[in-house]
**Q** 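The structure that follows is given in the form of structure tokens.
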Amino acid sequence: MNQNNNSKNNSGMGSSKGDAVRAQRRNQADAQRIVNQYQTANPDMMKRANLIDDQPLLKIVGLGGMDGGGSKNMILVEYENDAVVLDCGNDLGVDLPGINYAIADITYLESIKNKLRAYIITHGHLDHIGGLPHIVPRCPAPIYGSKFTIGRVEEIFENFGLEMPDGFELKTIVMNENTHEKLKIGSFFVELVRITHSIPGSTSIILDTPVGRIVNTGDFRLDPQPLDHEKSDVDRLKEIGREGVLVLLSESTTTERLGRTPSESTIEKSFRDILDQAPGRIFVGLFSTNMNRVQMIINAAVYHNKKVAMDGRSMISTLEMAVRHGFVKVPKGTFIPISSVNTVKDTDLVVVCTGSQGEPSSALQRMSNGEHKYVKLKEQDTVVLSSTPIPYSGNDGKIRTMIDDLLKKGVRVFRHETHELDGVGPLHVSGHASRDEYADMINIIKPKFFIPIYGDYTAKKYHIELAVEQGISRQNTVNLDNGSMVGFTKTQMKMLGEIPHGTVLVDQVGTIVSNVVIKDRLLLADEGLVAIILTIDRKTNNLLTSPDIISRGFIYMRDNEEIMNGLRNELKRAVIQRFKRVDLDRFKLELKDHVTHYLFDQTQRSPIIIPVVNVISLNKKENNKIPGKENLVKSAEEIADEQKKRFEAMRTRLLTQDARID
């Protein structure tokens with residue numbers, strides 16, 4: 001194995017080893033750049049963070065939610081010996097192999113968990129509650145929220161796939177957002193105020209602290225005619241503003257959208273018209289937690305004497321909870337199981353299901369690709385997508401592909417983006433405010449300091465400009481990053497530095513996945529893997545079998561026999577030239593470098609190389625000493641055959657391993 005970096009070596013390779021190394025480093029750097037977006041906290045920052053506690057300030061830090069809408073929203077408020085967490089969500093927009101979602105890294109929270117008094121939740125969407133089953137058992141405290149929100153919290157704990165630690169007990173406290181009750185939590189007082197969003201029980205958090213009042217709007221819109229008739233409690237918010245507010249934390253998801261968000265009541269007629277005119281079955285794709293819209297569809301179906309079937313595990317689970325707590329009313333005899341849809345006349349059926357975002361395993365997606373157990377779509381069917389792509393999610397492509405599949409089946413598809421083109425009324429309204437409503441909230445609350453939250457930097461920047469237009473002093477605003485801590489006195493705001501923060505990745509079964517594993521998966525996805533297995537006689541230092549090569553995701557070996565034969569020759573030459581001259585670990589490193597160089601020279605690609613070197617002893621004398629076993633002395637060929645079978649078993653395990661399991 002030649003160790004120099006000449007451009008042409010004795011094997012006749014046209015590329016230098018340096019070329020191969022640089023290509024490999026580029027691949028690793030590309031993978032690292034992607035992984036760096038989801039780094040865990042840096043423990044070394046803890047020393048710097050500890051220097052912050054030199055005076056009694058009210059401290060606010062975003063552990064998540066400051067880098068994008070729907071992104072593991074989680075804010076920590078700390079004052080002396082007390083701390084509370086406002087929201088604790090996950091991020092479902094992570095596009096990494098084998099990853100389901102991300103949660104905030106809680107290294108800093110764990111360092112002050114003796115101060116933690118409560119988790120206070122604005123509403124029951126997963127980007128606000130999805131991190132709780134992972135985080136609360138590690139940093140226990142009661143969870144406060146509205147009746148519906150606590151129902152959602154208990155639901156996700158009940159359905160969580162992993163066991164809770166021994167001794168852990170979930171503690172929840174329901175607050176009434178309509179009566180303005182206040183509860184004492186350490187040195188804080190908390191009140192929840194009703195706000196309109198796309199899920200029942202949505203609230204703004206009013207947190208009174210020894211330094212001043214904090215208002216976290218939660219996700220909101222100021223809808224004058226919501227479907228559930230539960231309008232935002234603007235009168236109470238105005239009272240709170242008149243009483244004085246130190247800091248307004250206002251969500252920023254759609255600050256670039258002009259005007260006002262239309263009322264949800266505007267879509268009711270659209271659905272009734274579709275139910276009037278559809279020639280056959282009707283399928284409606286919704287967000288699984290949008291119970292107000294589910295109620296609207298149930299009402300419309302009952303009005304048209306149609307039966308309703310629900311499909312989608314998350315939607316059914318949420319609906320059961322909503323019915324149990326009285327948030328959804330279902331007339332007796334309205335529902336039928338999804339397994340019975342083929343027993344109902346086509347014109348008498350409405351199916352409400354998940355999948356409006358094109359999620360791969362959702363009910364509507366399985367219907368569109370013909371994989372649903374009970375539903376086979378056909379002409380005369382009508383599909384209504386009552387949603388738009390979630391901001392920042394990248395779902396547009398998946399939704400478009402699903403629509404293509406539906407249209408190929410002859411199904412009529414209605415969606416909000418093309419409702420005018422399709423001749424129907426609006427089919428969706430956003431759960432988030434538009435610019436005029438964001439301005440209204442600032443003018444209602446009248447804060448001294450303003451911090452936009454729950455959005456990316458650009459959306460928050462627009463929000464700050466809007467706040468300045470409403471009279472907030474620019475020096476009293478700040479566009480925080482995750483981990484940036486800001487401190488307040490009654491009259492001043494100042495930056496306090498950065499605390500440990502980051503992202504923790506979670507797979508489909510709820511298990512934490514290391515960033516190192518994700519980097520390997522990215523490299524495997526881009527370049528593939530080649531495993532080299534050598535069996536060497538310890539005594540003679542010779543190969544006992546021809547080198548075994550396993551290629552996965554790199555090249556198809558049968559179509560590249562010349563490259564594989566050349567690689568085997570290189571491996572044989574490496575054993576002859578280097579095995580007896582260096583120790584085993586050094587030999588494997590050299591082997592890895594040499595194979596990387598050879599394959600790059602042949603293909604201009606740099607797969608992950610895994611060298612496996614088995615060194616075995618053939619000692620006939622010891623076998624001959626066993627009484628009655630004289631005829632069982634194994635030849636080199638027999639031993640090689642056994643080794644080959646072992647390697648075949650190893651290959652089978654490797655080739656059939658689930659990529660999600662490490």
Side-chain angles (χ1 to χ4, degrees), residues 35 37-43 61-68 70-76 83-96 98-145 149-172 289 313-314 317-318 454 482-483 499-518 660-662:
V35 169
Q37 300 175 50
Y38 305 97
Q39 288 282 27
T40 53
N42 179 3
V61 60
L63 298 178
M66 299 299 187
D67 55 354
S71 179
K72 58 185 191 313
N73 300 310
M74 186 175 183
I75 294 173
L76 177 67
V84 293
V85 170
L86 312 182
D87 289 331
C88 186
N90 64 17
D91 179 3
L92 289 166
V94 180
D95 185 18
L96 291 173
I99 297 302
N100 193 13
Y101 56 83
I103 58 174
D105 189 303
I106 58 168
T107 298
Y108 179 73
L109 183 63
E110 288 185 302
S111 74
I112 63 161
K113 67 180 180 180
N114 61 305
K115 299 182 180 183
L116 185 61
R117 305 292 175 242
Y119 296 84
I120 309 170
I121 308 300
T122 59
H123 65 281
H125 280 149
L126 286 175
D127 56 330
H128 294 257
I129 65 172
L132 290 170
H134 296 276
I135 293 171
V136 175
R138 292 167 59 186
C139 297
I143 303 171
Y144 292 71
T149 298
I150 292 302
R152 283 279 292 151
V153 168
E154 292 171 347
E155 177 191 348
I156 66 166
F157 271 88
E158 183 179 334
N159 295 331
F160 191 56
L162 302 180
E163 289 186 8
M164 292 290 122
D166 290 341
F168 171 75
E169 181 181 352
L170 177 64
K171 296 179 181 178
T172 59
T289 56
R313 183 180 59 83
S314 58
S317 177
T318 303
Y454 304 165
N482 287 331
I499 56 98
H501 65 282
T503 300
V504 174
L505 300 171
V506 183
D507 67 13
Q508 286 87 345
V509 297
T511 303
I512 304 300
V513 181
S514 165
N515 285 7
V516 176
V517 173
I518 299 303
R660 298 169 296 179
I661 300 173
D662 298 285

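Just so it is clear, the values below take in all heavy atoms, side chains as well, and ignore hydrogens, waters and symmetry mates.
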**Q** Looking at every non-hydrogen atom in both residues, tell me the closest pair between Tyr144 and Ile150 and how far apart they are.
**A**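 Looks like C-CD1, 3.9 Å.
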**Q** Can you measure from CG (Leu63) to CD1 (Ile106) and round to the nearest 0.5 angstrom?
**A**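 If we round to the nearest 0.5 Å, Leu63:CG and Ile106:CD1 are 9.0 Å apart.
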**Q** List in chain and number order the residues that pass side chain to side chain contact (heavy atoms under 4.5 Å, CB included) with Ala141, two or more places apart in sequence or in another chain; answer none if no residue qualifies.
**A**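 With neighbours one apart ignored, the set is Leu116, Tyr119.
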**Q** Determine the minimum heavy-atom distance between Tyr101 and His134, stating which atoms define it.
**A**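 Closest pair (atom of Tyr101, atom of His134, distance): OH-NE2, 2.6 Å.
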**Q** What's the spacing between Ile103 CD1 and Ile135 CD1 if we round to 0.5 Å?
**A** 4.5 Å
**Q** With sequence neighbours left out, what residues match Asn482 under side chain to side chain contact (heavy atoms under 4.5 Å, CB included)?
**A**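 By the side chain to side chain contact (heavy atoms under 4.5 Å, CB included) rule, Asn482 matches Met66, Asp67, Lys72, His501.
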**Q** Compare every heavy atom of Asp87 with every heavy atom of Val85, then report the nearest pair and how far apart it is.
**A** CG1-O, 3.1 Å
**Q** Shortest non-hydrogen contact from Cys88 to Ile121?
**A** N-CD1, 4.1 Å
**Q** Taking only residues two or more places apart in sequence or in another chain, which ones pass side chain to side chain donor-acceptor pair (under 3.5 Å) with Thr172?
**A**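 Partners of Thr172 under the side chain to side chain donor-acceptor pair (under 3.5 Å) test: Glu154.
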**Q** Minimum heavy-atom separation for Cys139 to Lys113, with atom names?
**A** SG-CB, 4.1 Å
**Q** I need the Thr503 OG1 to Asn90 CG distance, nearest 0.5 Å.
**A** 12.0 Å
**Q** Distance from Ile129 atom CD1 to Ile156 atom CD1, nearest 0.5 Å?
**A**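 Reported value, rounded in 0.5 Å steps: 4.0 Å.
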**Q** One pair to check against side chain to side chain contact (heavy atoms under 4.5 Å, CB included): Asn515 and Leu505. What are the steps and the verdict?
**A** CA-CA 8 Å; Asn515 285 7; Leu505 300 171; 3.7 Å; yes
**Q** Any chance you could measure Ile512, atom CD1, to Thr40, atom OG1, to the nearest 0.5 Å?
**A** 11.0 Å
**Q** Show the atom names and distances, to 0.1 Å, of all donor-acceptor pairs under 3.5 Å that link a side chain in residues 159-171 to residues at least two apart or in another chain.
**A**
{"residue": "Asn159", "atom": "ND2", "partner": "Glu155", "partner atom": "O", "Å": "3.3"}
{"residue": "Asn159", "atom": "ND2", "partner": "Ser317", "partner atom": "OG", "Å": "3.3"}

**Q** Rounded to the nearest 0.5 Å, what separates atom OG1 in Thr149 from atom CD1 in Ile120?
**A** 12.5 Å
**Q** Output all residues satisfying salt bridge (Lys or Arg N to Asp or Glu O under 4.0 Å) with Arg138, sequence neighbours left out; order by chain, then residue number.
**A**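 Glu110.
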**Q** Under 3.5 Å, is there a donor-acceptor pair between the side chain of Asn73 and the main chain of Gly89?
**A** no
**Q** Do the side chains of Ile75 and Tyr454 get nearer than 4.5 Å, heavy atoms only?
**A** yes
**Q** Output all residues satisfying side chain to side chain contact (heavy atoms under 4.5 Å, CB included) with Pro140, sequence neighbours left out; order by chain, then residue number.
**A**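 Listed in chain order: nothing, the list is empty.
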**Q** Using a 6.0 Å cut-off, check whether atom CG of Asp95 has over 12 heavy atoms from anything other than its own residue.
**A**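 No - once you tally the heavy atoms of other residues, nucleotides and ligands closer than 6.0 Å, there are 12 at most.
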